[in-house]
Asker: 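Pasting a structure below so you can have a look.
It should be emphasised that the depicted structure is a prediction, and the values quoted were computed from it without experimental measurement. Each chain gets a letter, A, B and so on, in the order its sequence line appears, and its residues count up from 1.
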Amino acid sequence: MDTKKLSKDKLGEFVAVLAKQNKLYIPQKEGENLKFKPLSGDQEELDFPRITTVPPKDVFFPQTETLYRFEQGGTDISFPKEEEEAVVLGIRPCDARAMAIMDSLFSWDIDDPYFLNKREKTTLIGLACLEPGVNCFCTSVGGGPASTEGLDILLTDLGEDYLLQVLTEKGGKIKLSVEELLEEAAEDDLDTAEKLVKEATSKIGRSINTDGIQEKLPELWESPLWKNLSNSCLGCGICTFLCPTCHCFDIQDEMEGLEGRRCRVWDSCMFEEYTLHASGHNPRPSRRERLRNRINHKYSYFVQNFGKIACVGCGRCIDLCPVNIDVLDILSQVVKEAI
Amino acid sequence: MKEQFEPNVVAFLCNWCSYAGADLAGTSRVQYQPNVNIIRVMCSGRVNPLFVINALQQGADGVLISGCHPGDCHYIEGNFYARRRFGLMKELLDYVGVDPRRFNMSWVSASEGNKWKDVVEEVVEKAKEAGPFEQFRRNKINW
Amino acid sequence: MVDLEKLKSIAKETVSRDDVKYLIGWRQGTYGFRVSPHFVEKPEEAEELIFSPLCTNNLASYLVLPEKLPLPRGVEPDSRKVALMVKGCDSRAVVQQIVEQGIKRDEIIVIGCPCEGVIDLEKVEERFPNQLESVTAQWSNGKIIFHLPEGNEEIPKEEVLATKCLTCRYPNPVLSDLMLGDEVETWGDEKYEDVKELEAKDPQERWSFWEEAFSSCVRCYSCRNVCPMCYCEDCILDRLNPTWINRSNNASENTAFHLARAFHLAGRCIECGECERVCPAGIPLTKLNRKLSKVVQENYEYIPGIDPESKPFQSSYRPEDQEDFIL
């Protein structure tokens, strides 16, 4: 592994070089909303928030994505233009792990070219999480404040400098392009970074033991637990739209004049419309079934299919739920519940 | 350029008064601008506020809603509801920054062919002054 | 001040009744300052009930939220009453639901809680970050006392109250079957300052303001779902035929969505501020709703959610309604 150091004074230059050669995504404000957006013009000051409100999944899996365009009466279709090389800077390890989780989904039985092309052309430069938030529980689901899964380069804030660890070939290419800004890392820098990460890990206050949850969830199918938990659920899409691993989409045709497009848009299993059949029948008729499905999908079905939990412990769903439906609370009740 | 701009005005006319009024203008050979696209509805009270939003989204530069004079409604009180509703709509559109000249409402009775002409002239003139509507047109954003 | 012991005994008594399905109240949440709606079905569950400055949720939404599922043949619908704890603003939602016949007066039992203002979670979490342990709070002479693990903190309530509470006109429930505690004195007055401030700007500035706000929308529809007045069984946002608003997320569709939402609440919004509280993107939705409230109040002298006998604003009219805008 290649380890270098980047002085914070040179961060501006570092960003400028990256932005010149690639489409550079960094966390930015849109209204009051924090999301990863392409850097346009001059960014006055770089500020990496603990976590963005909208997870960086929307770089690869945009909320609205054109699949192809068509014309009324015609038989030709045209595809959106190829994506350019991109870099995502300042992604947190949990969100990067989420991308690795989504990879397995989008390359499952049929490869999804829209998603995978973008993944292939994008380098993820992560930033180790030294100040975990109150609802972080990444260590419980296989991650950690400096987890490298899904990342190409990991930066760790050492105070004056960033420790830069190259993790993949893609990361190596990016490193080459910024070589002259980097310094050699000293032996004790690595130790410092390790110490900082350890400290951060110890600051994570919430946890859950996920052993056996996968098997237990289907057994609790008819448990009154779900009714009680979903009583207060509003049925909104916050927990799913803003989840870094949620990946459901809906396909819609839109027409304007004689031109049209087929696009995919995010969909949420918490919406009534999600499972509604054309006949009017709805197999998940109430919030009870929808909440049950969300939990089952993340901690049971996905594990069955891919061998990993579809949750990275970023805490967004807990932070943002307006009625305090707390996934850790749900799981601990699941663990406690007798069958 | 601005002189050449021909606005596209969508007009919702009630079947009993305003549509008949416009018809009268036609049969009386009253000349007026062709920028108005008329959509006939049964009553001005039938006009859903979403029609207005949707028209603006799909490329209208101005919207006109026209019904019977108060008290003349074929359905007794439909236009009273419309008046309340679109009084609010006008304020809402203005508040989000849409040019207030784009949204108009009028009372035109079946015998007012000449008033219809005046209304159209005024509405088209206002839409022309306001210019092409771009604020939340669909315009194939990110296609 | 609401006496908690009294609240619990009333709650136990209420849910023990045969004709009561459950009581909806608040309980301490799973961490920090969070509070969660609490559905009390058995008397022993009443022990968890609280009423404090942390109780922000408007529980009136839960009167209209449950799905009306088809029943198996021979099964009678559950016609038992629902008991509900309300603050001043929540009670207006209940009144408005009664006005619109969304619920019937005899289907509910309203337990009124005079309220001295609830917190703005964002302001409080900023002041006391990273609270993992549950924190309780109480009102005390114009201050709010937070019982933090490291000791009590007293803060003047103006500093942490939700914005809507600073101008609250109805701290006491306008409708209730029984009241917990004495009425509190009204401290606020609604002058719609924030709306006037925006009105004073020029149209282009107003549009840039809203364009940025609407663009940040993620279309999670939490503002719709949390709203006690949004309970159409068939919502235009869920419809595909006709598709009023496309599912794609862009400035045009988002603007149409927010205008439609605001307009559907014209003359109905009771300004509980829930939409803005739940919005993950921080869109200033109440600024939009309150504009319409202002117009309805100033031009039509109508205030929704006060009188259960009144007629809904948009399905009534006065012959002398203003028409100076009509050509």
Asker: Chain B heavy atoms under 4.5 Å from C/Asp202: which part of the residue, side chain, backbone, both or neither?
Answerer: neither

Asker: Hey, does the side chain of C/Asn250 reach the backbone of B/Asn142 with a donor-acceptor pair shorter than 3.5 angstrom?
Answerer: no

Asker: Using a cut-off of under 4.5 Å on heavy-atom pairs, state which of B/Arg85, B/Arg138, B/Lys115 scores highest against chain C.
Answerer: B/Arg138

Asker: Hey, which of B/Gly97, B/Gly45, B/Gly87 has the most heavy atom pairs under 4.5 Å with chain C?
Answerer: B/Gly97

Asker: Should C/Gln314 and B/Tyr81 count as side-chain neighbours, where that means a heavy-atom distance under 4.5 Å?
Answerer: no

Asker: For chain B, which candidate among C/Ala213, C/Ala262, C/Ser315 shows the most heavy-atom pairs at distances under 4.5 Å?
Answerer: C/Ser315

Asker: Please look at B/Val98 and chain C and tell me whether the side chain, the backbone, both or neither of the residue comes under 4.5 angstrom of a heavy atom of that chain.
Answerer: neither

Asker: If you tally heavy-atom pairs under 4.5 Å against chain B, which of C/Gln322, C/Lys201, C/Arg318 wins?
Answerer: C/Arg318

Asker: What part of B/Leu88 gets within 4.5 angstrom of chain C, counting heavy atoms only: side chain, backbone, both, or neither?
Answerer: both

Asker: Please check if the side chain of B/Arg84 supplies one atom and the backbone of C/Ser316 the other of a donor-acceptor pair under 3.5 Å.
Answerer: yes

Asker: State, with a plain yes or no, whether a side-chain heavy atom of B/Trp107 is found less than 4.5 Å away from one of C/Leu327.
Answerer: no

Asker: If we only count heavy atoms from C-beta on, is the C/Val295 to B/Leu92 side-chain gap below 4.5 Å?
Answerer: no

Asker: So C/Leu259 and B/Leu93, side-chain contact (heavy atoms from CB on, under 4.5 Å) or not? Walk me through it.
Answerer: CA-CA 8 Å; C/Leu259 291 184; B/Leu93 287 175; 4.0 Å; yes

Asker: So, do C/Trp244 and B/Asn48 sit near enough that their side-chain heavy atoms are less than 4.5 Å apart?
Answerer: yes

Asker: Any side-chain heavy atom of C/Trp210 sitting closer than 4.5 Å to one from B/Phe136?
Answerer: no

Asker: Which bit of C/Leu288 comes within less than 4.5 Å of chain B, counting heavy atoms only: side chain, backbone, both or neither?
Answerer: both

Asker: The test is side-chain contact (heavy atoms from CB on, under 4.5 Å); show your working for C/Ile236 and B/Leu50 and say whether it passes.
Answerer: CA-CA 10 Å; C/Ile236 55 144; B/Leu50 285 165; 3.8 Å; yes

Asker: Using a cut-off of under 4.5 Å for heavy-atom pairs, which of B/Glu91, B/Arg137, B/Gln135 has the most such pairs with chain C?
Answerer: B/Gln135

Asker: Taking the six-membered ring of C/Tyr317 (Phe, Tyr or Trp), confirm whether the NZ or CZ of B/Arg83 is under 6.0 Å from its centre and within 45° of its axis.
Answerer: no

Asker: Which one of B/Val119, B/Leu56, B/Asp94 has the most heavy-atom pairs closer than 4.5 Å to chain C?
Answerer: B/Asp94

Asker: If I compare all heavy atoms of B/Tyr95 with all of C/Lys287, which pair ends up nearest, and what's the gap?
Answerer: OH-O, 3.0 Å

